[in-house]
**Student:** 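Structure in structure tokens, see below.
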Protein chains: 2
Amino acid sequence: MIINGENLAFKLNDKMYHCALDITMDFIGGKWKCVVLWYLKSGKLRFTEIRHYMPEITEKMLSIQLKALEKDGLIERKVYGNKPPIRVEYMLSAFGRTIIPVIDAIAKWGRELGERNGVLVNIDQSKIADYRL
Amino acid sequence: MIINGENLAFKLNDKMYHCALDITMDFIGGKWKCVVLWYLKSGKLRFTEIRHYMPEITEKMLSIQLKALEKDGLIERKVYGNKPPIRVEYMLSAFGRTIIPVIDAIAKWGRELGERNGVLVNIDQSKIADYRL
DNA sequence: CGGCATCCGCAGCGATACTG
DNA sequence: CAGTATCGCTGCGGATGCCG
């Protein structure tokens, strides 16, 4: 961020940022975070369910991403039972729900680009919402 | 993307994607791209000018990012003169302008988070647009 | 079931120096 | 002025195996 020709950096949660975009990208950047948030938009999901929606991610990476999202306050984690098999559910927090418009904007642009290139034309649009494009 | 329990992957420009979010993030993801786009929103800028707005980036990384953005069709590059010192200007393409709403959504969320945490309170909001927060 | 531990390759990124 | 070239590091992310 430039104010009167000066570089202005600022700190938030012990991290340095140089502009507002950096803040958001720190929360949803990387290869997986915003996809996880996208799937959690519709409701709570268990670890295995998220994996099922994202077969490309490894368990390790999903675990890391979920932990990061929880630390950032975007999602909440609830454990049911104390002996394996246990049951863990993830859902958006109130704070996490504030970022939905951003996720939606990102998804919308990508979807429209895909449509313009004929990638998604043979998919009934009404089913996309149902099936979590 | 999951349709009826099946994982559906699709190709666009020789790259594989699994959901619409992946497409957009491929265009604006990473540490620098969306910041460059943010600065180019207001008009054309020269290489050195962008560097001036982003003192944290090295010339090498800026060069790489600009090349990637140009290859993706988001920005246009114009060269004036043929002997050094030459003059190069970068600006959003028509296609690049379609992504402005996404960039704005990202910036808005980050700015609001900063404001809620008192980071930007002493900056006149009317000046933020002028000075390219 | 929902993880964590370990090993490892490679891309991302930085610093510095050089150039048409 | 607007970049390359080179070197080197760091850590993201993948693969595999183990565990309460």
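Below, chains carry the letters A, B, ... as their sequence lines are ordered, and counting in each starts from 1. Computed from heavy atoms alone, side chains included, the values below leave out hydrogens, waters and symmetry copies.
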**Student:** Give me the residues of residues 57-67 of chain A where at least one heavy atom lies under 4.0 Å from an atom of DNA chain C, by number, or none.
**Tutor:**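 A:Glu59, A:Lys60, A:Ser63, A:Lys67 - these, ordered by number, are the residues of the stretch whose heavy atoms sit under 4.0 Å from the strand.
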
**Student:** List the residues meeting salt bridge (Lys or Arg N to Asp or Glu O under 4.0 Å) with A:Glu112, not counting sequence neighbours, and say none if there are none.
**Tutor:**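 Expected list: A:Lys108.
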
**Student:** If you define the side chain from C-beta out and look only at heavy atoms, does anything of B:Leu62 sit under 4.5 Å from B:Val36?
**Tutor:**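 When only atoms from C-beta onward are counted, B:Val36 and B:Leu62 do touch, with a gap below 4.5 Å.
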
**Student:** Taking salt bridge (Lys or Arg N to Asp or Glu O under 4.0 Å) as the definition, give me every residue that meets it alongside B:Arg97, ordered by chain and number, with sequence neighbours left out.
**Tutor:**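 By the salt bridge (Lys or Arg N to Asp or Glu O under 4.0 Å) rule, B:Arg97 matches no residue at all.
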
**Student:** With heavy-atom distances below 4.5 Å as the criterion, would you say the side chains of A:Met25 and B:Val35 are in contact?
**Tutor:**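 Answer no - side chains too far apart.
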
**Student:** How long is the straight-line distance from CZ of A:Phe27 back to CZ of A:Phe95, given to the nearest 0.5 Å?
**Tutor:**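 One finds 4.5 Å between CZ of A:Phe95 and CZ of A:Phe27.
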
**Student:** If the condition is side chain to side chain donor-acceptor pair (under 3.5 Å), which residues does B:Thr98 pass it with, not counting sequence neighbours?
**Tutor:**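 For B:Thr98, the residues satisfying side chain to side chain donor-acceptor pair (under 3.5 Å) (neighbours in sequence not counted) are A:Trp109.
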
**Student:** For B:Arg46, which contact category applies under a 4.0 Å heavy-atom criterion: base, sugar-phosphate, or nothing?
**Tutor:**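 It contacts sugar-phosphate atoms only.
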
**Student:** Of all nucleotides in DNA chain C that come within under 4.0 Å of a heavy atom of chain B, which is furthest toward the 5' end and which toward the 3' end?
**Tutor:**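 Contact boundaries, 5' end first: C:dC13 to C:dG20.
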
**Student:** With sequence neighbours left out, what residues match B:Lys44 under salt bridge (Lys or Arg N to Asp or Glu O under 4.0 Å)?
**Tutor:**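 Partners of B:Lys44 by the salt bridge (Lys or Arg N to Asp or Glu O under 4.0 Å) criterion, ordered by chain and then number, come out as B:Glu89.
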
**Student:** Over the length of the helix from C:dC1-D:dG20 to C:dG20-D:dC1, how much do the five-pair end axes diverge, rounded to 10 degrees?
**Tutor:**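 Both end axes considered, the difference amounts to 60°.
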
**Student:** Starting at the 5' end of DNA chain D and moving along, which residue's nearest nucleotide shows up first, A:Lys31 or A:Ile86?
**Tutor:**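 Result: A:Lys31.
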
**Student:** If you look at every heavy atom in B:Ile86 and B:Asn82, which pair is closest and at what distance?
**Tutor:**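 Closest approach of B:Ile86 to B:Asn82: CG2-C, 3.8 Å.
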
**Student:** I need the CZ-P distance between A:Phe47 and D:dC19, as an integer number of Å.
**Tutor:**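 Those two atoms, CZ and P, are 18 Å apart.
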
**Student:** Side chain to side chain donor-acceptor pair (under 3.5 Å): which pairs involve residues 20-33 of chain A, sequence neighbours left out?
**Tutor:**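 Of all non-adjacent pairs touching residues 20-33 of chain A, those that pass side chain to side chain donor-acceptor pair (under 3.5 Å) are A:Lys15-A:Asp26, A:Tyr17-A:Asp26.
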
**Student:** Without placing hydrogens or testing angles, list every side-chain donor-acceptor pair under 3.5 Å for residues 69-80 of chain B, not counting sequence neighbours.
**Tutor:**
unit_1	atom_1	unit_2	atom_2	d
B:Arg77	NE	B:Tyr90	OH	3.2

**Student:** For A:Lys67, enumerate each residue passing the side chain to side chain contact (heavy atoms under 4.5 Å, CB included) test, keeping only those at least two apart in sequence or located in another chain.
**Tutor:**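 For A:Lys67 the side chain to side chain contact (heavy atoms under 4.5 Å, CB included) partners, ignoring immediate neighbours, are A:Ser63.
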
**Student:** Round to a whole Å and report the spacing from CH2 of A:Trp32 to C1' of D:dG13.
**Tutor:**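 Atom CH2 in A:Trp32 sits about 9 Å away from atom C1' in D:dG13.
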
**Student:** First locate atom CD1 of A:Ile57, then atom CD1 of A:Ile64, and finally report the distance between them rounded to the nearest 0.5 Å.
**Tutor:**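 The distance works out to 9.0 Å.
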
**Student:** Report the distance from atom SG of A:Cys34 to atom CG of B:Leu21, rounding to the nearest 0.5 Å.
**Tutor:**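 Atom-to-atom, A:Cys34:SG and B:Leu21:CG are 4.5 Å apart.
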
**Student:** Can you pull out the residues from residues 76-83 of chain B that lie within a 4.0 Å heavy-atom distance of DNA chain D?
**Tutor:**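 Of all residues in residues 76-83 of chain B, the ones placing a heavy atom under 4.0 Å from DNA chain D are B:Arg77.
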
**Student:** Atom CG of B:Leu69 and atom P of D:dG3: how far apart are they, to the nearest Å?
**Tutor:**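 Rounding to the nearest Å, CG of B:Leu69 and P of D:dG3 are 13 Å apart.
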
